[in-house]
Amino acid sequence: MANPLRGEVIHLYKTLLYIGREYPKGKAYFRERLKAAFMKNKDETDPEKIRKLVARGDFVIKELEALYFLRKYRAMKKAYYDEPH
């Protein structure tokens, strides 16, 4: 019997893979860590626990987006504003 949350988990994995392309330590590093995190919980069958894990993954997505936004903001600020000494 297939788990109805399987689609959500796969979508989360693919989204994280896509977002991880810009990770500061590199795409390969992020992919390895992501795979390890998902493999650690691969045998989870409790739907409530899976929902909590998916919610945690959504939180990680938001944190990564904030990290990227901040990095781009710093680069723009550095390019256009002189720092007074």
Side-chain angles (χ1 to χ4, degrees):
M1 179 175 233
N3 191 337
L5 297 172
R6 186 174 190 269
E8 272 187 68
V9 173
I10 291 172
H11 182 266
L12 176 66
Y13 186 79
K14 287 182 179 182
T15 303
L16 283 166
L17 268 179
Y18 179 77
I19 290 175
R21 294 178 308 149
E22 297 179 36
Y23 194 70
K25 289 190 176 182
K27 181 180 177 180
Y29 174 82
F30 187 84
R31 188 175 353 123
E32 289 172 16
R33 299 282 306 257
L34 179 64
K35 185 176 180 180
F38 272 76
M39 292 303 283
K40 182 175 80 173
N41 296 305
K42 72 177 183 171
D43 296 324
E44 189 61 53
T45 57
D46 180 25
E48 190 59 36
K49 175 80 182 215
I50 294 172
R51 283 188 189 93
K52 286 181 182 180
L53 291 167
V54 169
R56 185 173 180 203
D58 290 335
F59 175 76
V60 169
I61 289 172
K62 290 176 187 173
E63 288 293 312
L64 286 170
E65 288 172 344
L67 172 76
Y68 298 157
F69 178 78
L70 186 60
R71 184 178 68 184
K72 289 176 184 177
Y73 169 78
R74 286 179 179 162
M76 292 294 287
K77 186 176 178 184
K78 186 177 178 183
Y80 291 103
Y81 296 102
D82 288 332
E83 295 207 13
H85 285 100

Colleague: Considering all heavy atoms of both residues, which atom of Gly20 and which atom of Tyr68 are nearest to each other, and what is their separation?
Modeller: CA-OH, 3.9 Å
Colleague: Tell me, yes or no, whether the heavy-atom count around Arg71 atom CZ, taken from other residues, nucleotides or ligands under 6.0 Å, exceeds 12.
Modeller: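 Check passes, neighbour count above 12.
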Colleague: Enter the distance from Lys77:NZ to Leu70:CG here, rounded to the nearest 0.5 Å.
Modeller: 10.0 Å
Colleague: Would you sort out whether Met76 and Tyr81 count as a side chain to side chain contact (heavy atoms under 4.5 Å, CB included), showing the intermediate values?
Modeller: CA-CA 8 Å; Met76 292 294 287; Tyr81 296 102; over 6 Å; no
Colleague: Between Val60 and Leu17, is there shared hydrophobic-cluster membership here, with clusters defined by ILVMFWY side-chain heavy atoms closer than 4.5 Å?
Modeller: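 Same hydrophobic cluster.
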Colleague: Extract all donor-acceptor atom pairs below 3.5 Å that involve side chains of residues 41-53 and protein atoms in other chains or at least two apart in sequence.
Modeller:
| unit_1 | atom_1 | unit_2 | atom_2 | d |
| --- | --- | --- | --- | --- |
| Asn41 | ND2 | Ala37 | O | 3.3 |

Colleague: Output every pair passing ring pair (Phe, Tyr, Trp, His ring centres under 6.0 Å) with a member in residues 48-67, not counting sequence neighbours, ordered by first then second residue.
Modeller: none
Colleague: Once you round to the nearest 0.5 Å, how far does NE2 of His11 lie from CG of Leu16?
Modeller: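 Between atom NE2 of His11 and atom CG of Leu16 there are 10.0 Å.
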Colleague: To the nearest 0.5 angstrom, please state how far the NZ atom of Lys62 sits from the CD1 atom of Ile19.
Modeller: 11.5 Å
Colleague: Is Val54 close to Leu5 at the side-chain level, that is, under 4.5 Å between some pair of heavy atoms?
Modeller: no
Colleague: Rounded to the nearest 0.5 Å, what separates atom CG in Leu67 from atom NZ in Lys72?
Modeller: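 Leu67 CG to Lys72 NZ: 10.5 Å, rounded to 0.5 Å.
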Colleague: Hey, mind stepping through Leu34 and Phe38 against side chain to side chain contact (heavy atoms under 4.5 Å, CB included) and telling me if it holds?
Modeller: CA-CA 6 Å; Leu34 179 64; Phe38 272 76; 3.3 Å; yes
Colleague: Tell me, which pairs form a side chain to side chain donor-acceptor pair (under 3.5 Å) where one or both residues lie in residues 23-34, sequence neighbours left out?
Modeller: Tyr29-Arg33
